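Shown next, in C-alpha coordinates, is the structure this report addresses.
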2 protein chains.
Amino acid sequence: MREGPDIARIAALVADPARSSMLLALMDGRALTATELSGLAGVTKQTASGHLAKLVDGEVLAVEAQGRHRYFRLAGAHVAALIEALMVFSSDAAPPVRTGPKEPALRKARVCYDHLAGEMGVALYDRARVAGWLTDDLSVTEAGWSRFSAIGVSPESLPRSNRPQCRACLDWSQRRHHLAGLIGKATLDRLFALSWARRLPASRVVAFTPEGERRFREWIG
Amino acid sequence: MREGPDIARIAALVADPARSSMLLALMDGRALTATELSGLAGVTKQTASGHLAKLVDGEVLAVEAQGRHRYFRLAGAHVAALIEALMVFSSDAAPPVRTGPKEPALRKARVCYDHLAGEMGVALYDRARVAGWLTDDLSVTEAGWSRFSAIGVSPESLPRSNRPQCRACLDWSQRRHHLAGLIGKATLDRLFALSWARRLPASRVVAFTPEGERRFREWIG
DNA sequence: ACGATGGTTCGGCTATCATCGAACCATGAG
DNA sequence: CTCATGGTTCGATGATAGCCGAACCATCGT
(Lines give C-alpha, C1' and ligand atoms only; values in the text may rest on other atoms or scores of the structure.)
Protein backbone atom coordinates (compact mmCIF):
# COMPACT_ATOMS: atom_id res chain seq x y z
CA MET A 1 0.00 0.00 0.00
CA ARG A 2 2.01 2.93 -1.25
CA GLU A 3 1.91 6.23 0.61
CA GLY A 4 1.90 8.95 -2.00
CA PRO A 5 0.92 12.58 -1.83
CA ASP A 6 -2.58 13.03 -0.49
CA ILE A 7 -4.24 13.97 -3.74
CA ALA A 8 -7.52 12.44 -2.61
CA ARG A 9 -7.93 15.10 0.03
CA ILE A 10 -7.83 17.98 -2.41
CA ALA A 11 -9.87 16.11 -4.99
CA ALA A 12 -12.57 15.52 -2.37
CA LEU A 13 -12.80 19.26 -1.83
CA VAL A 14 -13.59 19.74 -5.50
CA ALA A 15 -15.77 16.65 -5.76
CA ASP A 16 -18.88 18.19 -4.27
CA PRO A 17 -21.26 19.87 -6.77
CA ALA A 18 -21.84 22.89 -4.57
CA ARG A 19 -18.14 23.45 -3.98
CA SER A 20 -17.21 22.92 -7.61
CA SER A 21 -19.82 25.49 -8.65
CA MET A 22 -18.21 27.98 -6.33
CA LEU A 23 -14.75 27.27 -7.65
CA LEU A 24 -15.92 27.69 -11.24
CA ALA A 25 -17.50 31.00 -10.34
CA LEU A 26 -14.18 32.20 -8.96
CA MET A 27 -12.15 31.14 -11.97
CA ASP A 28 -11.82 34.67 -13.30
CA GLY A 29 -9.85 35.73 -10.27
CA ARG A 30 -12.55 37.88 -8.69
CA ALA A 31 -13.50 37.63 -5.06
CA LEU A 32 -17.12 36.92 -4.14
CA THR A 33 -19.03 36.99 -0.87
CA ALA A 34 -20.37 33.94 0.91
CA THR A 35 -23.98 34.83 0.13
CA GLU A 36 -23.27 35.33 -3.55
CA LEU A 37 -21.54 32.00 -3.70
CA SER A 38 -24.36 30.26 -1.88
CA GLY A 39 -26.78 31.53 -4.50
CA LEU A 40 -24.57 30.44 -7.36
CA ALA A 41 -24.17 27.00 -5.86
CA GLY A 42 -27.87 26.64 -5.15
CA VAL A 43 -27.58 25.97 -1.43
CA THR A 44 -28.51 27.88 1.70
CA LYS A 45 -26.16 30.21 3.50
CA GLN A 46 -25.48 27.73 6.27
CA THR A 47 -24.48 25.02 3.86
CA ALA A 48 -22.32 27.38 1.85
CA SER A 49 -20.62 28.56 5.00
CA GLY A 50 -19.62 25.00 5.80
CA HIS A 51 -18.33 24.41 2.29
CA LEU A 52 -16.32 27.61 2.28
CA ALA A 53 -14.78 26.79 5.64
CA LYS A 54 -13.62 23.46 4.24
CA LEU A 55 -12.16 25.09 1.14
CA VAL A 56 -10.30 27.70 3.14
CA ASP A 57 -9.05 25.08 5.56
CA GLY A 58 -7.75 23.06 2.63
CA GLU A 59 -6.02 26.17 1.27
CA VAL A 60 -7.98 26.06 -1.94
CA LEU A 61 -9.59 29.41 -1.27
CA ALA A 62 -8.27 32.50 0.44
CA VAL A 63 -10.57 34.72 2.43
CA GLU A 64 -10.45 38.40 3.15
CA ALA A 65 -12.75 40.08 5.62
CA GLN A 66 -13.95 43.58 4.86
CA GLY A 67 -16.58 45.02 7.13
CA ARG A 68 -19.28 42.47 7.59
CA HIS A 69 -18.52 40.82 4.29
CA ARG A 70 -16.09 38.01 3.68
CA TYR A 71 -14.64 37.87 0.21
CA PHE A 72 -13.46 34.53 -1.11
CA ARG A 73 -11.07 34.01 -3.98
CA LEU A 74 -8.91 31.24 -5.35
CA ALA A 75 -5.80 30.69 -3.25
CA GLY A 76 -3.49 30.95 -6.24
CA ALA A 77 -2.78 30.15 -9.85
CA HIS A 78 -2.22 26.50 -9.03
CA VAL A 79 -5.88 26.22 -8.07
CA ALA A 80 -6.94 27.64 -11.42
CA ALA A 81 -4.58 25.19 -13.10
CA LEU A 82 -6.25 22.33 -11.28
CA ILE A 83 -9.73 23.42 -12.29
CA GLU A 84 -8.61 23.76 -15.88
CA ALA A 85 -7.11 20.30 -15.80
CA LEU A 86 -10.51 19.04 -14.69
CA MET A 87 -12.36 21.01 -17.35
CA VAL A 88 -10.39 19.22 -20.04
CA PHE A 89 -12.56 16.17 -19.39
CA SER A 90 -15.79 17.93 -20.29
CA SER A 91 -15.67 19.64 -23.64
CA ASP A 92 -18.30 22.21 -22.73
CA ALA A 93 -17.05 25.74 -22.23
CA ALA A 94 -17.79 27.58 -19.04
CA PRO A 95 -20.69 30.04 -19.29
CA PRO A 96 -19.89 33.68 -18.57
CA VAL A 97 -20.41 35.08 -15.10
CA ARG A 98 -22.38 38.20 -14.52
CA THR A 99 -21.42 40.86 -12.06
CA GLY A 100 -23.86 43.53 -11.13
CA PRO A 101 -23.09 46.31 -13.62
CA LYS A 102 -23.67 49.61 -11.94
CA GLU A 103 -22.89 52.98 -13.18
CA PRO A 104 -20.32 52.54 -15.97
CA ALA A 105 -18.30 55.59 -15.01
CA LEU A 106 -18.02 54.36 -11.43
CA ARG A 107 -16.95 50.96 -12.63
CA LYS A 108 -14.24 52.44 -14.78
CA ALA A 109 -12.54 54.74 -12.30
CA ARG A 110 -13.45 56.14 -8.92
CA VAL A 111 -11.97 57.21 -5.64
CA CYS A 112 -11.72 54.58 -2.92
CA TYR A 113 -10.94 56.50 0.28
CA ASP A 114 -7.94 58.36 -1.15
CA HIS A 115 -6.68 56.15 -3.95
CA LEU A 116 -7.71 54.95 -7.39
CA ALA A 117 -10.24 52.14 -7.78
CA GLY A 118 -12.23 50.62 -10.62
CA GLU A 119 -10.92 49.18 -13.87
CA MET A 120 -8.10 51.67 -14.07
CA GLY A 121 -6.98 51.02 -10.50
CA VAL A 122 -7.04 47.27 -10.99
CA ALA A 123 -5.13 47.61 -14.25
CA LEU A 124 -2.44 49.58 -12.44
CA TYR A 125 -2.15 47.03 -9.66
CA ASP A 126 -2.08 44.07 -12.01
CA ARG A 127 0.59 45.67 -14.13
CA ALA A 128 2.67 46.53 -11.08
CA ARG A 129 2.62 42.94 -9.92
CA VAL A 130 3.27 41.36 -13.30
CA ALA A 131 6.02 43.77 -14.30
CA GLY A 132 7.82 43.41 -10.99
CA TRP A 133 7.35 46.91 -9.63
CA LEU A 134 6.18 45.27 -6.44
CA THR A 135 7.31 42.13 -4.69
CA ASP A 136 5.02 39.49 -3.26
CA ASP A 137 5.05 41.16 0.14
CA LEU A 138 4.17 44.47 -1.51
CA SER A 139 7.39 46.36 -1.13
CA VAL A 140 8.43 48.58 -4.01
CA THR A 141 11.37 47.39 -6.09
CA GLU A 142 14.11 49.40 -7.72
CA ALA A 143 12.36 49.12 -11.06
CA GLY A 144 9.13 50.13 -9.40
CA TRP A 145 10.54 53.35 -7.97
CA SER A 146 12.02 54.36 -11.28
CA ARG A 147 8.63 53.84 -12.87
CA PHE A 148 6.73 55.72 -10.21
CA SER A 149 9.14 58.63 -10.21
CA ALA A 150 8.33 59.11 -13.89
CA ILE A 151 5.07 60.68 -12.72
CA GLY A 152 6.63 62.31 -9.68
CA VAL A 153 6.10 59.73 -6.96
CA SER A 154 9.36 59.05 -5.14
CA PRO A 155 10.28 57.72 -1.69
CA GLU A 156 11.19 61.22 -0.56
CA SER A 157 7.90 62.70 -1.68
CA LEU A 158 5.91 60.35 0.54
CA PRO A 159 4.94 61.71 3.96
CA ARG A 160 6.40 59.92 6.95
CA SER A 161 3.62 57.96 8.50
CA ASN A 162 2.98 54.63 10.12
CA ARG A 163 0.42 53.93 7.46
CA PRO A 164 1.68 51.20 5.12
CA GLN A 165 3.53 52.49 2.13
CA CYS A 166 1.80 50.07 -0.17
CA ARG A 167 -1.36 48.09 0.32
CA ALA A 168 -3.73 46.04 -1.78
CA CYS A 169 -7.37 46.97 -1.45
CA LEU A 170 -10.23 44.84 -2.68
CA ASP A 171 -12.31 46.45 -5.41
CA TRP A 172 -16.07 46.03 -5.11
CA SER A 173 -16.89 46.38 -8.79
CA GLN A 174 -14.00 44.35 -10.12
CA ARG A 175 -13.66 42.06 -7.13
CA ARG A 176 -9.94 42.22 -7.53
CA HIS A 177 -7.17 44.18 -5.88
CA HIS A 178 -6.16 47.73 -6.63
CA LEU A 179 -3.30 49.84 -5.37
CA ALA A 180 -3.76 51.47 -1.96
CA GLY A 181 -1.56 52.74 0.85
CA LEU A 182 0.61 55.84 0.78
CA ILE A 183 1.79 55.13 -2.72
CA GLY A 184 -1.77 54.63 -3.90
CA LYS A 185 -2.75 58.03 -2.55
CA ALA A 186 0.34 59.72 -3.98
CA THR A 187 -0.34 58.22 -7.38
CA LEU A 188 -3.92 59.46 -7.45
CA ASP A 189 -2.77 62.90 -6.35
CA ARG A 190 -0.35 63.02 -9.25
CA LEU A 191 -3.05 62.00 -11.72
CA PHE A 192 -4.97 65.11 -10.70
CA ALA A 193 -1.87 67.32 -10.62
CA LEU A 194 -0.90 66.23 -14.11
CA SER A 195 -4.47 66.88 -15.29
CA TRP A 196 -4.74 63.34 -16.58
CA ALA A 197 -7.99 63.12 -14.65
CA ARG A 198 -10.27 65.14 -12.39
CA ARG A 199 -12.92 64.39 -9.81
CA LEU A 200 -16.53 64.90 -10.77
CA PRO A 201 -18.24 67.03 -8.10
CA ALA A 202 -20.49 65.29 -5.57
CA SER A 203 -19.47 61.90 -6.78
CA ARG A 204 -16.69 59.39 -6.45
CA VAL A 205 -16.18 59.24 -10.20
CA VAL A 206 -12.67 59.91 -11.49
CA ALA A 207 -13.01 61.24 -15.03
CA PHE A 208 -9.97 60.72 -17.22
CA THR A 209 -9.41 63.04 -20.15
CA PRO A 210 -8.83 61.16 -23.44
CA GLU A 211 -5.26 62.39 -23.47
CA GLY A 212 -4.87 61.50 -19.79
CA GLU A 213 -6.10 57.96 -20.26
CA ARG A 214 -3.76 57.49 -23.19
CA ARG A 215 -0.80 58.68 -21.15
CA PHE A 216 -1.81 56.61 -18.14
CA ARG A 217 -1.97 53.41 -20.16
CA GLU A 218 1.28 54.30 -21.85
CA TRP A 219 2.84 54.88 -18.44
CA ILE A 220 1.86 51.52 -16.97
CA GLY A 221 3.00 49.89 -20.22
CA MET B 1 -27.47 28.12 -10.13
CA ARG B 2 -24.96 27.92 -12.92
CA GLU B 3 -24.49 24.72 -14.89
CA GLY B 4 -20.85 24.57 -15.79
CA PRO B 5 -18.65 21.70 -16.83
CA ASP B 6 -19.09 18.74 -14.54
CA ILE B 7 -15.73 18.90 -12.86
CA ALA B 8 -17.18 17.47 -9.66
CA ARG B 9 -17.81 14.16 -11.36
CA ILE B 10 -14.19 13.65 -12.35
CA ALA B 11 -12.91 15.02 -9.05
CA ALA B 12 -15.10 12.53 -7.20
CA LEU B 13 -13.41 9.71 -9.08
CA VAL B 14 -10.04 10.84 -7.76
CA ALA B 15 -11.35 11.72 -4.32
CA ASP B 16 -11.33 8.19 -2.96
CA PRO B 17 -8.08 7.03 -1.29
CA ALA B 18 -8.11 3.63 -2.94
CA ARG B 19 -8.71 5.08 -6.39
CA SER B 20 -6.14 7.83 -5.97
CA SER B 21 -3.55 5.24 -4.94
CA MET B 22 -4.24 3.34 -8.13
CA LEU B 23 -3.91 6.45 -10.24
CA LEU B 24 -0.60 7.36 -8.60
CA ALA B 25 0.66 3.86 -9.28
CA LEU B 26 -0.17 4.30 -12.96
CA MET B 27 1.53 7.69 -13.29
CA ASP B 28 4.56 6.22 -15.01
CA GLY B 29 2.47 5.17 -17.98
CA ARG B 30 2.66 1.42 -17.38
CA ALA B 31 -0.40 -0.83 -17.43
CA LEU B 32 -1.17 -2.91 -14.34
CA THR B 33 -3.65 -5.71 -13.66
CA ALA B 34 -6.64 -5.43 -11.37
CA THR B 35 -5.10 -7.69 -8.74
CA GLU B 36 -1.86 -5.74 -8.68
CA LEU B 37 -3.78 -2.52 -8.26
CA SER B 38 -5.93 -3.96 -5.50
CA GLY B 39 -2.80 -4.82 -3.57
CA LEU B 40 -1.26 -1.40 -4.07
CA ALA B 41 -4.45 0.29 -2.96
CA GLY B 42 -4.83 -1.97 0.06
CA VAL B 43 -8.32 -3.26 -0.70
CA THR B 44 -9.76 -6.59 -1.72
CA LYS B 45 -10.25 -7.67 -5.31
CA GLN B 46 -13.97 -7.08 -5.21
CA THR B 47 -13.57 -3.54 -4.01
CA ALA B 48 -10.84 -2.81 -6.53
CA SER B 49 -12.99 -4.20 -9.30
CA GLY B 50 -15.72 -1.75 -8.44
CA HIS B 51 -13.29 1.16 -8.34
CA LEU B 52 -11.73 0.25 -11.65
CA ALA B 53 -15.12 -0.07 -13.29
CA LYS B 54 -15.95 3.45 -12.15
CA LEU B 55 -12.65 4.84 -13.41
CA VAL B 56 -13.05 3.20 -16.80
CA ASP B 57 -16.65 4.36 -17.05
CA GLY B 58 -15.49 7.89 -16.31
CA GLU B 59 -12.82 7.59 -19.02
CA VAL B 60 -10.04 8.19 -16.55
CA LEU B 61 -8.55 4.78 -17.18
CA ALA B 62 -8.35 2.69 -20.31
CA VAL B 63 -8.52 -1.07 -20.13
CA GLU B 64 -7.09 -3.75 -22.35
CA ALA B 65 -7.99 -7.43 -21.99
CA GLN B 66 -5.24 -9.96 -22.57
CA GLY B 67 -6.05 -13.54 -21.84
CA ARG B 68 -7.59 -13.72 -18.43
CA HIS B 69 -5.86 -10.53 -17.33
CA ARG B 70 -7.17 -7.03 -17.69
CA TYR B 71 -4.54 -4.33 -17.95
CA PHE B 72 -5.41 -0.83 -16.78
CA ARG B 73 -3.56 2.34 -17.72
CA LEU B 74 -4.23 6.08 -17.66
CA ALA B 75 -6.63 7.13 -20.41
CA GLY B 76 -4.25 9.81 -21.65
CA ALA B 77 -1.81 12.56 -20.89
CA HIS B 78 -4.61 14.82 -19.66
CA VAL B 79 -5.12 12.43 -16.76
CA ALA B 80 -1.46 12.65 -15.83
CA ALA B 81 -1.69 16.43 -16.03
CA LEU B 82 -4.63 16.36 -13.63
CA ILE B 83 -2.79 14.21 -11.11
CA GLU B 84 0.24 16.46 -11.27
CA ALA B 85 -1.97 19.50 -10.76
CA LEU B 86 -3.26 17.83 -7.60
CA MET B 87 0.24 16.98 -6.41
CA VAL B 88 1.14 20.66 -6.44
CA PHE B 89 -0.92 21.05 -3.28
CA SER B 90 0.86 18.31 -1.37
CA SER B 91 4.36 19.40 -2.29
CA ASP B 92 4.52 22.18 0.25
CA ALA B 93 2.10 20.58 2.68
CA ALA B 94 4.62 18.16 4.19
CA PRO B 95 8.00 19.83 4.70
CA PRO B 96 9.27 17.49 7.47
CA VAL B 97 9.09 14.44 5.27
CA ARG B 98 11.84 11.88 5.41
CA THR B 99 13.71 12.53 2.19
CA GLY B 100 15.05 9.23 1.06
CA PRO B 101 17.76 9.22 -1.54
CA LYS B 102 15.07 8.81 -4.18
CA GLU B 103 13.45 12.16 -3.46
CA PRO B 104 16.17 14.39 -4.92
CA ALA B 105 16.43 12.12 -7.91
CA LEU B 106 12.67 12.40 -8.45
CA ARG B 107 12.84 16.16 -8.25
CA LYS B 108 15.65 16.31 -10.73
CA ALA B 109 14.18 14.17 -13.49
CA ARG B 110 11.27 11.77 -13.70
CA VAL B 111 8.71 10.38 -16.07
CA CYS B 112 5.31 12.10 -16.11
CA TYR B 113 3.06 9.75 -18.08
CA ASP B 114 5.32 9.57 -21.14
CA HIS B 115 7.37 12.75 -21.05
CA LEU B 116 10.12 14.37 -19.02
CA ALA B 117 9.32 16.15 -15.74
CA GLY B 118 11.34 17.57 -12.86
CA GLU B 119 14.13 20.14 -13.03
CA MET B 120 15.38 18.90 -16.34
CA GLY B 121 11.93 18.94 -17.91
CA VAL B 122 11.24 22.43 -16.64
CA ALA B 123 14.64 23.62 -17.88
CA LEU B 124 13.84 22.30 -21.34
CA TYR B 125 10.44 23.97 -21.43
CA ASP B 126 11.78 27.28 -20.13
CA ARG B 127 14.56 27.32 -22.65
CA ALA B 128 12.16 26.46 -25.46
CA ARG B 129 9.94 29.39 -24.56
CA VAL B 130 12.72 31.91 -24.01
CA ALA B 131 14.71 30.96 -27.07
CA GLY B 132 11.66 31.06 -29.31
CA TRP B 133 11.43 27.38 -30.22
CA LEU B 134 7.79 27.64 -29.28
CA THR B 135 5.27 30.42 -29.75
CA ASP B 136 2.88 31.64 -27.11
CA ASP B 137 0.19 29.27 -28.35
CA LEU B 138 2.67 26.41 -28.16
CA SER B 139 3.24 25.73 -31.82
CA VAL B 140 6.77 24.83 -32.85
CA THR B 141 8.67 27.46 -34.81
CA GLU B 142 11.14 27.03 -37.64
CA ALA B 143 14.02 27.52 -35.22
CA GLY B 144 12.43 25.05 -32.87
CA TRP B 145 12.24 22.28 -35.44
CA SER B 146 15.85 22.74 -36.41
CA ARG B 147 16.82 22.45 -32.78
CA PHE B 148 14.67 19.39 -32.12
CA SER B 149 15.87 17.62 -35.25
CA ALA B 150 19.39 17.86 -33.84
CA ILE B 151 18.41 15.03 -31.52
CA GLY B 152 16.24 13.30 -34.08
CA VAL B 153 12.81 14.74 -33.40
CA SER B 154 11.24 16.01 -36.61
CA PRO B 155 7.67 16.66 -37.79
CA GLU B 156 7.81 13.55 -39.95
CA SER B 157 8.94 11.36 -37.07
CA LEU B 158 5.92 12.21 -34.96
CA PRO B 159 2.99 9.80 -35.20
CA ARG B 160 -0.20 11.21 -36.67
CA SER B 161 -2.62 11.59 -33.83
CA ASN B 162 -5.26 13.96 -32.58
CA ARG B 163 -3.26 14.35 -29.43
CA PRO B 164 -1.75 17.84 -29.27
CA GLN B 165 1.71 18.11 -30.75
CA CYS B 166 2.91 20.25 -27.91
CA ARG B 167 1.44 20.85 -24.50
CA ALA B 168 2.51 22.39 -21.22
CA CYS B 169 2.08 20.24 -18.12
CA LEU B 170 2.31 21.62 -14.59
CA ASP B 171 5.12 20.17 -12.53
CA TRP B 172 4.31 19.38 -8.88
CA SER B 173 7.86 19.70 -7.56
CA GLN B 174 8.85 22.76 -9.55
CA ARG B 175 5.45 24.45 -9.75
CA ARG B 176 6.27 25.33 -13.30
CA HIS B 177 5.52 23.90 -16.70
CA HIS B 178 7.37 21.19 -18.48
CA LEU B 179 7.15 19.98 -22.05
CA ALA B 180 4.39 17.46 -22.80
CA GLY B 181 2.40 16.36 -25.84
CA LEU B 182 3.68 14.33 -28.77
CA ILE B 183 6.90 16.28 -28.92
CA GLY B 184 7.46 15.78 -25.21
CA LYS B 185 7.13 12.05 -25.60
CA ALA B 186 9.35 11.97 -28.69
CA THR B 187 12.04 13.95 -26.89
CA LEU B 188 12.09 11.60 -23.92
CA ASP B 189 12.24 8.60 -26.25
CA ARG B 190 15.27 10.11 -27.92
CA LEU B 191 16.99 10.71 -24.59
CA PHE B 192 16.80 6.99 -23.94
CA ALA B 193 17.76 6.05 -27.50
CA LEU B 194 20.81 8.30 -27.33
CA SER B 195 21.71 6.77 -23.95
CA TRP B 196 21.79 10.21 -22.39
CA ALA B 197 19.55 8.78 -19.69
CA ARG B 198 17.82 5.59 -18.63
CA ARG B 199 14.85 4.67 -16.46
CA LEU B 200 15.48 3.25 -13.05
CA PRO B 201 13.45 0.06 -12.59
CA ALA B 202 10.31 0.18 -10.45
CA SER B 203 10.44 3.95 -10.18
CA ARG B 204 9.62 7.08 -12.12
CA VAL B 205 13.20 8.33 -11.84
CA VAL B 206 15.02 9.24 -15.03
CA ALA B 207 18.75 8.86 -14.41
CA PHE B 208 20.98 10.95 -16.63
CA THR B 209 24.55 9.83 -17.24
CA PRO B 210 27.12 12.56 -16.54
CA GLU B 211 27.91 12.71 -20.22
CA GLY B 212 24.22 12.66 -21.09
CA GLU B 213 23.42 15.55 -18.79
CA ARG B 214 26.29 17.56 -20.20
CA ARG B 215 25.07 16.99 -23.75
CA PHE B 216 21.48 17.71 -22.81
CA ARG B 217 22.36 21.06 -21.27
CA GLU B 218 24.57 21.84 -24.22
CA TRP B 219 21.72 20.96 -26.55
CA ILE B 220 19.18 23.24 -24.94
CA GLY B 221 21.80 25.98 -24.85
C1' DA C 1 -30.03 52.02 21.19
C1' DC C 2 -32.25 49.23 17.71
C1' DG C 3 -33.33 46.73 13.71
C1' DA C 4 -31.53 44.79 9.31
C1' DT C 5 -28.21 42.09 7.02
C1' DG C 6 -24.07 38.99 6.38
C1' DG C 7 -22.29 34.98 8.31
C1' DT C 8 -21.56 30.98 11.57
C1' DT C 9 -22.79 27.12 14.80
C1' DC C 10 -25.57 23.26 16.27
C1' DG C 11 -28.53 19.18 15.92
C1' DG C 12 -30.87 15.87 13.49
C1' DC C 13 -32.27 13.69 9.17
C1' DT C 14 -31.07 11.32 5.04
C1' DA C 15 -28.62 9.50 1.17
C1' DT C 16 -24.62 8.03 -0.71
C1' DC C 17 -20.85 4.97 -1.04
C1' DA C 18 -16.80 2.26 0.28
C1' DT C 19 -16.14 -2.16 2.13
C1' DC C 20 -16.11 -7.14 2.48
C1' DG C 21 -18.10 -12.14 2.50
C1' DA C 22 -19.89 -15.21 -0.54
C1' DA C 23 -21.26 -16.88 -4.70
C1' DC C 24 -20.58 -16.74 -9.57
C1' DC C 25 -18.34 -16.50 -14.60
C1' DA C 26 -14.17 -17.07 -17.58
C1' DT C 27 -9.75 -18.46 -18.91
C1' DG C 28 -5.69 -21.30 -18.90
C1' DA C 29 -2.82 -25.37 -17.21
C1' DG C 30 -2.30 -30.21 -16.50
C1' DC D 1 -12.44 -32.95 -17.67
C1' DT D 2 -10.96 -30.74 -13.55
C1' DC D 3 -8.89 -27.58 -10.80
C1' DA D 4 -6.64 -23.17 -9.85
C1' DT D 5 -6.59 -18.38 -10.76
C1' DG D 6 -8.17 -13.69 -12.44
C1' DG D 7 -12.09 -11.06 -12.21
C1' DT D 8 -17.09 -9.67 -11.49
C1' DT D 9 -21.76 -9.40 -9.25
C1' DC D 10 -24.75 -9.23 -5.23
C1' DG D 11 -26.35 -8.02 -0.71
C1' DA D 12 -25.75 -6.31 3.90
C1' DT D 13 -23.39 -3.06 6.82
C1' DG D 14 -21.45 0.92 8.59
C1' DA D 15 -19.40 5.40 8.23
C1' DT D 16 -19.23 9.66 6.12
C1' DA D 17 -20.98 13.89 4.74
C1' DG D 18 -24.36 17.02 2.58
C1' DC D 19 -28.45 19.38 3.74
C1' DC D 20 -31.60 22.48 6.18
C1' DG D 21 -34.24 24.73 10.32
C1' DA D 22 -33.33 27.38 14.11
C1' DA D 23 -30.72 29.98 16.98
C1' DC D 24 -26.77 32.86 17.53
C1' DC D 25 -22.91 36.44 16.73
C1' DA D 26 -21.03 40.62 14.37
C1' DT D 27 -21.33 44.65 11.78
C1' DC D 28 -23.51 48.51 9.57
C1' DG D 29 -27.02 52.26 9.08
C1' DT D 30 -30.15 55.25 11.23
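Side chains included, hydrogens not; waters and symmetry mates left out as well; all remaining heavy atoms used. Because the structure is predicted, anything quoted here is derived from the model rather than measured. Lettering of chains follows the sequences in order, A, B, ..., and the numbering in each one begins at 1.
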Counting side-chain heavy atoms from CB outward, which of D/dC20, C/dG7, D/dT8 is closest to A/His69? C/dG7
Relative to each other, are the rings of A/Trp196 and A/Phe216 parallel, tilted or perpendicular (30° and 60° limits)? perpendicular
Tell me yes or no: between the side chains of A/Thr33 and A/Glu36, is some donor less than 3.5 Å from an acceptor? yes
Let me know, please, whether B/Thr47 or A/Gly50 comes out on the 5' side of the other along DNA chain C by nearest nucleotide. A/Gly50
Mind calculating the distance between CG (A/Leu13) and P (D/dT16) to the nearest angstrom? 17 Å
Roughly how many Å is it from NZ in B/Lys45 to P in C/dA26, rounded to a whole number? 16 Å
Round to a whole Å and report the spacing from CZ of A/Phe72 to P of C/dT8. 5 Å
For the pair A/Phe148 and A/Trp219, name the ring-plane relationship: parallel under 30°, tilted 30 to 60°, perpendicular over 60°. perpendicular
Would you say CZ of B/Arg198 has more than 12 non-hydrogen atoms from neighbouring residues, nucleotides or ligands within 6.0 angstrom? no
With a 3.5 Å cut-off and heavy atoms only, can you find an N or O donor on one side and an acceptor on the other between the side chain of B/Gln46 and the base of C/dG21? yes
Check whether any side-chain N or O of A/Thr35 sits under 4.0 Å from OP1 or OP2 of C/dG7, and answer yes or no. yes
Quick check on D/dA17: is either OP1 or OP2 less than 4.0 Å from any side-chain nitrogen or oxygen of A/His51? no
Whole-Å gap separating P (C/dG6) and CG (A/Leu52): 15 Å
So which atom in B/Ala12 and which in B/Arg19 form the shortest heavy-atom distance, rounded to 0.1 Å? O-NH2, 3.1 Å
Atom-pair distance (CG on B/Asp57; P on D/dT8), nearest Å: 13 Å
Side chain of B/Ala34 (C-beta onward), nearest among C/dA18, D/dG7, C/dT8: D/dG7
Rounded to whole Å, please give me the gap between CG in B/Asp16 and P in C/dT16. 17 Å
Which of these nucleotides, D/dC28, D/dG7, C/dG7, is closest to any side-chain atom of A/Arg68? D/dC28
Any B/Thr44 side-chain nitrogen or oxygen under 4.0 Å from OP1 or OP2 of C/dT19: no
Side chain of B/Ser49 only, please: which of C/dA18, D/dT9, D/dC19 is the nearest? D/dT9
Give the nucleotide from the list C/dC20, C/dG7, D/dG7 with an atom nearest to the side chain of B/Arg70. D/dG7
Picking from C/dG7, D/dC20, C/dA18, which would you name as closest to the side chain of A/Val43? D/dC20
Nearest whole angstrom, please: distance from the P of D/dT8 to the CG of B/Leu55. 12 Å
For C/dA18 and B/Lys54 - does any side-chain N or O of the residue sit under 4.0 Å from the phosphate oxygens OP1/OP2? yes
Starting from C1' on C/dT8, measure out to CG on A/Leu37 and report it in whole angstrom. 15 Å
